[in-house]
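Just so we're on the same page: letters track the sequence lines, and every chain starts at 1.
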Amino acid sequence: MPELPEVETMVRDLRARIVGTTITGVVAPFPGEIVYPGYDQFVRRVTGQRIQSIVRRGKYAILGLSSGDVLIVHRGMSGSLLLRRAGDEMEPYVRVLFELDDRRQLRLNDPRKFGKVFVMDPTGAERPLPWDRMGPEPLNGSFTPARFRERLRGRTGLIKPLLLNQSVVAGLGNIYADEALHAARIHPERRANTLRPAEIRRLHAAIQEVLAAAVEGRGTTFSNYADIEGRAGQYQSALQVFGRAGAACPRCGAAIVKTVVGGRGTHTCPRCQRPA
DNA sequence: AAGAAGTCCTGGGCGC
DNA sequence: TGCGCCCAGGACTTCT
C-alpha cells in the first residue's frame, strides 16, 4: 500500500536518477491505467519530453515535462514503479512502460490494476487536478495543530475514516492511520467532534512522527511494496499495531485486536486506545 | 453537505 | 491434493 512515505521514497530515488532524461516511447499493455487523456493523446504528449522535475503531493508523483505538462502517477494499492534497463527481464504485471533515452525504462508494475497515470496542463485549466481538493501536506509547515483542528471541525464521522480522507490530510493510508492513532492513544471509532484539543494535538504530532520515521526507513514493505529497484523498505519492523493482531502492544503488553472500521481492517490496542 | 455504502480488480490465503 | 470462495484496499461514485 503505497502511502506518503513509500511515494516520497520513490520520488527521491527517481529525482536522483532520471531528471534530465527524455521519454522516447510509451508501451501500455493495459491502457486502462491511462486515465487522461486517451491513449493516443497520452502517448503523443509524453513522447519526446524531457523530465525536468519530480515532486510528490499526497500519494501522487508528479513529473514535470519540458512541454510544461505534468505526468502524474498514482500507484493505487499494489503498484510499483520500477527503473530497469531495456534488456532486463519483464515483470509480470507491467501496465504502462516509459522508455528513456539512456536505454532504461520506467515500468508501472501493478497486479491489482488500481494504479493511474495522467498527463495534463498543471494549471488546472484543462481538467481538474487530482489534488485540487486535497488537504495539507502533513510533513510541511502548513500542517499545524490549528489547521488540523479546523479540518476536523464540525465532522461527526469516525476519526479513522477521516484520516483516510485525503481532503482532511494528504498521504495517510491504512497502515499509517492505524499507527498514528495508536501512537496518539486514540480509538479509531472516536467521533471527530468528541476529540478534545489535547487529543487533536497528540494526533497531529503522531501523524508527523510516524510519517517522518517511515520516510527515514524508506517505507513499509507489507505485501508487495518495493522501491524503484525492487528492494523492500525498512519500516515494517517498527510497526506497533498494523499486521500484529494477537501480538503484544509494545507500549503496554495487551494483545492487539483487529476489527473492521469504515470497511477497513483496523488494528488497535484495547488498553492504550479506549473507545468513547 | 457529510457520511455511509458500493464499486473496481485479482493474487493469494484459506476452508472444505 | 485441489478447487473455489473471498478478502485486501485507494479513490471514486452513488445514495440518503
Side-chain angles (χ1 to χ4, degrees), chain A residues 1-8 10-11 28-36 56-62 72-81 90-96 108-118 120 127-135 137-138 149-181 188-195 207 211 214 219-226 230 233 236 239 241-246 257-268:
Chain A
M1 297 142 258
E3 306 179 28
L4 184 153
E6 291 75 32
V7 180
E8 179 67 23
M10 172 185 92
V11 162
F30 182 73
E33 298 208 357
I34 298 174
V35 176
Y36 181 86
R56 180 191 57 74
R57 176 77 172 100
K59 302 173 193 173
Y60 291 90
I62 306 163
I72 302 165
V73 179
H74 192 295
R75 290 156 54 191
M77 67 170 279
S78 63
S80 296
L81 199 57
M90 196 59 60
E91 294 76 13
Y93 308 108
V94 173
R95 310 303 185 186
V96 183
L108 179 57
N109 189 52
D110 181 22
R112 302 283 161 87
K113 295 184 172 175
F114 279 4
K116 297 177 189 325
V117 299
F118 316 69
M120 64 179 80
R127 175 194 161 96
L129 299 166
W131 50 86
D132 276 350
R133 310 171 113 195
M134 196 175 277
E137 277 297 321
R149 189 178 340 123
E150 172 240 312
R151 305 296 290 192
L152 294 176
R153 180 161 32 220
R155 306 299 293 258
T156 60
L158 308 181
I159 187 62
K160 174 167 174 181
L162 284 167
L163 291 182
L164 296 177
N165 181 337
Q166 303 296 296
S167 68
V168 172
V169 54
L172 286 173
N174 208 38
I175 295 174
Y176 299 111
D178 280 3
E179 292 296 311
L181 286 165
E189 295 179 287
R190 289 284 300 282
R191 299 269 166 189
N193 61 342
T194 69
L195 293 176
I207 289 168
L211 291 177
T220 298
T221 294
F222 197 72
S223 46
N224 52 15
Y225 162 73
Q236 57 277 9
L239 294 174
V241 288
F242 191 90
R244 302 191 63 248
V257 171
K258 183 172 183 185
T259 58
V260 175
V261 176
R264 294 291 174 248
T266 298
H267 307 76
T268 310

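Look at CE on Met77(A): it is 16 Å from P on dC12(C), rounded to the nearest Å. For the pair Asp110(A) CG and dG11(B) P, the computed distance is 11 Å after rounding to whole Å. Atom CG in Asn165(A) sits about 11 Å away from atom C1' in dG10(C), given to the nearest Å. Between the C1' atom of dC7(C) and the CG atom of Asn174(A) lies a distance of 13 Å, rounded to the nearest Å. Rounded to whole angstrom, the span from the CZ atom of Arg112(A) across to the P atom of dC12(C) amounts to 20 Å. Put simply, NZ on Lys116(A) is 7 Å from P on dC12(C), counting in whole angstrom units. When the P atom of dC12(C) is taken as reference, atom CE of Met134(A) falls 8 Å away, rounded to whole Å. Phe118(A) has its CZ atom 12 Å from the C1' atom of dG10(C), to the nearest Å.
Here the nucleotide nearest the side chain of Tyr60(A), chosen from dG10(C), dC12(C), dT10(B), is dC12(C). Across dT10(B), dG11(B), dG10(C), the shortest atom-to-atom separation from the side chain of Glu3(A) is found for dG10(C).
Within the 4.0 angstrom heavy-atom criterion, only backbone atoms of the sugar-phosphate kind lie near Gly265(A); the bases stay farther away.
The shortest heavy-atom contact between Leu172(A) and Lys59(A) is O-NZ, 3.0 Å. Closest approach of Gly58(A) and Ala170(A) over heavy atoms only: CA-CB, 3.9 Å. The minimum heavy-atom distance between Leu4(A) and Pro138(A), with the atom names listed, is CD1-CG, 3.7 Å. Heavy atoms only, all atoms of each residue included: Ala61(A) and Met10(A) are closest at CB-CE, 3.4 Å. Residues Arg191(A) and Thr156(A) come closest through the heavy atom pair CD-O, 2.7 Å. The minimum heavy-atom distance between Lys160(A) and Leu181(A), with the atom names listed, is CB-CD1, 3.8 Å.
Helix bend of the helix from dA2(B)-dT16(C) to dC16(B)-dG2(C): the angle between its two end axes, each built from five pairs, comes to 50° after rounding to 10°.
The residues Arg57(A) and Glu137(A) are annotated as salt-bridged, a charged nitrogen and a carboxylate oxygen being separated by less than 4.0 angstrom.
Side-chain N/O atoms of Lys59(A) include none lying less than 4.0 angstrom from OP1 or OP2 on dG10(C). Within the structure, a side-chain polar atom (N or O) of Gln166(A) is placed less than 4.0 Å from OP1 or OP2 of dA11(C). Between His74(A) and dA11(C), a side-chain N or O to OP1/OP2 separation shorter than 4.0 Å is present.
In terms of modelled atom types and a separation under 3.5 Å, the side chain of Gln236(A) and the main chain of Gly233(A) share a donor-acceptor contact. No donor-acceptor pair closer than 3.5 Å links the side chain of Glu189(A) to the backbone N or O of Leu158(A). A donor-acceptor pair is defined here as one N or O able to donate and one able to accept, closer than 3.5 Å; such a pair exists between the side chain of Asn109(A) and the backbone of Tyr93(A).
The side-chain ring of Phe114(A) is stacked on the base of dG10(C), judged by centre separation under 5.5 angstrom and plane angle under 30 degrees.
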Heavy-atom protein contacts under 4.0 Å, nucleotides 1-7 of chain B, coded B base, S sugar-phosphate only, - none
-SSS---

